[in-house]
Each structure stands twice: as structure tokens, then as C-alpha cells.
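For reference, the structure is listed below as C-alpha cells.
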Protein chains: 2
Amino acid sequence: MQLSRIIIGDGLNIENIVKKKNLKLTSARRELLEILFYAKNPLSYEDIKENIVMDKATFYRNIIKFEEENIINSFESNDKKRYFEIFQQPHPHFVCSRCHNIECIKERLDFNLEGYLVENIILKGLCKVCNKTSI
Amino acid sequence: MQLSRIIIGDGLNIENIVKKKNLKLTSARRELLEILFYAKNPLSYEDIKENIVMDKATFYRNIIKFEEENIINSFESNDKKRYFEIFQQPHPHFVCSRCHNIECIKERLDFNLEGYLVENIILKGLCKVCNKTSI
DNA sequence: ATTATAATGCGACTAAGTTGCATTAAAGTT
DNA sequence: AACTTTAATGCAACTTAGTCGCATTATAAT
Ligand SMILES: [Mn+2]
Ligand SMILES: [Mn+2]
Ligand SMILES: [Zn+2]
Ligand SMILES: [Zn+2]
């Protein structure tokens with residue numbers, strides 16, 4: 001909710017975004033973008049499918065389009081699934097190996113890795129909640 | 001080659017390792033561990049299957065056993081595949097989005113992420129080689 | 001050598017994601 | 001408002017990594 005405001009700015013709604021990219025605004029696309037805009041964490045197809053009425057193929061074809069147009073970005077977790085979120089500033093993600101939650105990490109992780117170009121960071125382990133309750 | 005010496009120490013061969021964990025030493029297990037010991041990078045089933053004679057189910061069942069016994073560890077890349085390596089000190093892995101190579105990162109990446117327990121780090125982007133040749 | 005049990009091969013299966021194709025709906029044009 | 005063009009959709013079939021049940025076989029202990 002706040003996220004979508006921050007990213008798309010005032011006056012930019014789903015209609016504007018989709019049309020600005022020369023995509024047709026279908027009900028499938030509106031549904032999908034609404035869910036992603038209001039999500040606090042990245043979501044997989046499995047997370048979303050209960051709340052949408054489109055076919056799986058339509059889902060993935062729209063996901064591909066949205067990624068091409070930089071409306072969303074995605075990454076693979078360690079559960080064989082791909083997770084999607086509205087495109088933001090690149091930031092790390094944390095995958096909890098106990099509760100399987102996936103969180104966006106706001107903190108900057110500063111390290112230097114000479115010669116490489118790091119585009120994406122995925123951390124796995126215990127999230128704050130699970131780490132506390134693990135004695 | 002050097003790696004396996006370092007980890008398992010002098011006098012510790014595949015026979016010892018397997019028997020120490022109360023696993024039966026089968027030809028499938030010997031084959032699999034030999035390949036993993038001599039590998040410079042983590043390997044997937046697809047990487048290995050040409051060089052082994054066991055069934056896919058046997059491969060994965062042994063992988064599971066080896067992981068339970070901390071003989072190997074594994075992680076998922078962004079190509080939907082799982083990669084396996086002989087268990088070592090935890091260290092990050094770099095997945096190149098251009099050449100799709102997977103490298104073990106020796107450098108320590110020091111950062112603090114308050115409250116979390118980071119068990120595993122996967123970096124994605126351009127490896128040294130691809131980063132140089134990308135202008 | 002006999003035996004108990006763990007490991008194996010085979011085939012069927014699951015789940016994420018992809019593709020071809022005929023149909024439908026969006027958006028522009030008259 | 002009807003017409004047309006083209007993109008988007010649903011459906012079904014497919015691909016691929018990994019899993020599982022079950023009958024058979026190999027390992028290692030006795
Ligand atoms: Mn995020
Ligand atoms: Mn490694
Ligand atoms: Zn957790
Ligand atoms: Zn590379």
C-alpha cells in the first residue's frame with residue numbers, strides 16, 4: 001500500500017502503468033498487479049493462485065511481460081519456486097529455512113567483491129522471529 | 001583434490017567416511033563421492049549423470065543421505081536446479097547470470113544483519129570473466 | 001553360508017513452468 | 001455503435017527436476 005505509492009508516485013495507478021508500456025489492460029492484468037502492489041513480501045504463483053481467476057499460462061505470460069517492461073522483478077527461492085514483486089530499488093531477500101517466509105531486506109549490506117557485478121543477493125537462514133525462538 | 005585433502009584430512013578416504021556414518025558402501029556411493037570430492041565447483045544432477053551408472057532415484061536418495069550426515073551440502077541456483085558439494089566451511093556462492101557458472105566464494109563477506117542468522121549466501125550477477133567482457 | 005536390512009532399479013507420479021492453437025476481448029478506426 | 005486488427009486468453013499437452021512405492025538385489029554382520 002505504502003510501497004506502491006512510493007514507487008509509482010502520486011497519480012500513477014495501474015491503468016497508467018499498463019498503458020504507458022503499450023500493454024492492453026485486461027482484467028487478468030489488473031487483478032495481478034493489484035495483488036502485487038499490496039503485497040508486503042514477494043509472492044509465488046502458489047501464493048497468488050487462490051485469489052485470481054486466470055489460467056496458469058495467462059499468469060506466467062503476464063509475469064514475463066511485466067518483467068520485460070520492468071513493472072515487476074523476480075527471483076528463485078530455495079523451494080523450487082519463483083517469487084515476484086513490484087520492481088523496486090534492488091535489495092537483498094531473506095529466505096527463512098524454518099518458517100519459509102521471504103522478506104525484503106531494507107538494510108544495505110556493504111561488502112566488496114572485487115571483479116564481480118552483484119545484481120542480486122539471497123540470504124538463507126533463520127529470520128528474526130525464528131532465530132529468537134530457537135533458544 | 002586439494003579440497004578433499006583439507007576437509008577429510010590424511011588417512012580419511014571415502015571408505016572411512018561412509019562407514020563412519022553407518023552407511024553401506026555401495027558402488028553408487030563410491031562413484032558419487034569421488035566425483036564430488038574432485039569437483040572444483042558445486043554440481044547438479046545434470047552435471048553428474050553422464051559420469052555415473054546409477055538410477056536417478058538412487059542418485060537423489062544418496063544425496064539426501066549424504067546431506068543428513070553432513071557429508072555434502074546443497075543449494076538451489078536460479079535455474080531450478082539443486083547444486084551439491086562436499087561439506088566445507090560455510091561460504092557464499094556466486095551464480096553468473098550470463099555464463100551460468102557457479103563459483104565458491106573464498107572471501108569473507110562481512111556485514112551485520114541484526115537479529116537474523118545467516119546460514120547461506122547466494123549472489124547473482126556477472127562473474128569476473130563476464131563482467132570484464134561486458135564493456 | 002545364512003540372514004537381516006539397507007540400497008537399488010524401475011515405473012509412475014508431482015509440481016513448476018512452458019508452448020501451440022483456436023477463441024475472445026481490448027482499443028483504435030470508421 | 002459496428003468493424004477491424006491484434007494482443008491476450010483458456011485449454012490441453014508438454015517438459016523437467018525431483019519424489020515415491022514396491023519388488024529385487026547387494027552389503028555386512030553372524
Ligand atoms: Mn523485495
Ligand atoms: Mn562452495
Ligand atoms: Zn522464520
Ligand atoms: Zn559468467
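Each chain gets a letter, A, B and so on, in the order the sequences are listed, and its residues count up from 1.
Rounded to whole angstrom, the span from the CD atom of B:E68 across to the P atom of C:dA6 amounts to 13 Å. With rounding to whole Å, A:L25 atom CG is found 10 Å from D:dT9 atom P. Whole-Å rounding puts the A:D79 CG to C:dA16 P distance at 9 Å. Atom CD1 in A:I63 sits roughly 18 Å away from atom C1' in C:dT19 (whole-Å rounding). If you take NZ of B:K81 and P of D:dT15, they are 17 Å apart, rounded to a whole angstrom. If you measure from atom CZ of B:F59 to atom P of D:dT19, you get 10 Å, rounded to the nearest angstrom. Between B:N78 atom CG and C:dG17 atom C1' the separation is 15 Å, expressed in whole Å. Rounded to an integer number of Å, the gap from CG of B:D55 to C1' of C:dA12 is 12 Å.
Closest to the side chain of A:M54, from the set D:dC20, D:dA28, D:dG10, is D:dG10. Side-chain atoms of A:R61 lie closest to D:dG10 of the nucleotides C:dG9, D:dG10, D:dA28. The B:K56 side chain lies nearest to D:dA17 when the options are C:dA7, C:dA27, D:dA17. For B:R29, counting side-chain heavy atoms from C-beta on, the closest listed nucleotide (D:dG18, C:dA7, D:dA28) is C:dA7. For B:K65, the listed nucleotide lying nearest its side chain is C:dA7; candidates were C:dG9, C:dA7, D:dC11.
For the pair A:R82 and C:dA16, the criterion of a side-chain N or O lying under 4.0 Å from OP1 or OP2 is not met. Listed pair A:T26 / D:dT9 meets the phosphate criterion, a side-chain N or O lying under 4.0 Å from OP1 or OP2. Close to C:dA6, at under 4.0 Å from its OP1 or OP2, lies no side-chain N or O of B:N22. Proximity of A:Y60 to the phosphate of C:dG17: a side-chain N or O atom is located under 4.0 Å from OP1 or OP2. Between D:dT6 and A:K24, no contact under 4.0 Å exists linking OP1 or OP2 to a side-chain N or O.
In this structure, B:K40 does not pair ionically with B:E103, as no charged nitrogen and carboxylate oxygen lie closer than 4.0 Å.
Take the nearest nucleotide of DNA chain D for B:A57 and for B:S27: the residue whose nucleotide is more 5' is B:A57.
No donor-acceptor distance shorter than 3.5 angstrom exists from the side chain of A:E107 to the backbone of B:L113, with no hydrogens or angles considered. Here the side chain of A:R29 pairs a donor or acceptor atom with the backbone of A:K24 at under 3.5 angstrom. With hydrogens and angles disregarded, no donor-acceptor distance shorter than 3.5 Å links the side chain of A:K81 to the backbone of A:S44. With A:N131 contributing its side chain and A:L126 its backbone, the two residues share no donor-acceptor pair below 3.5 Å.
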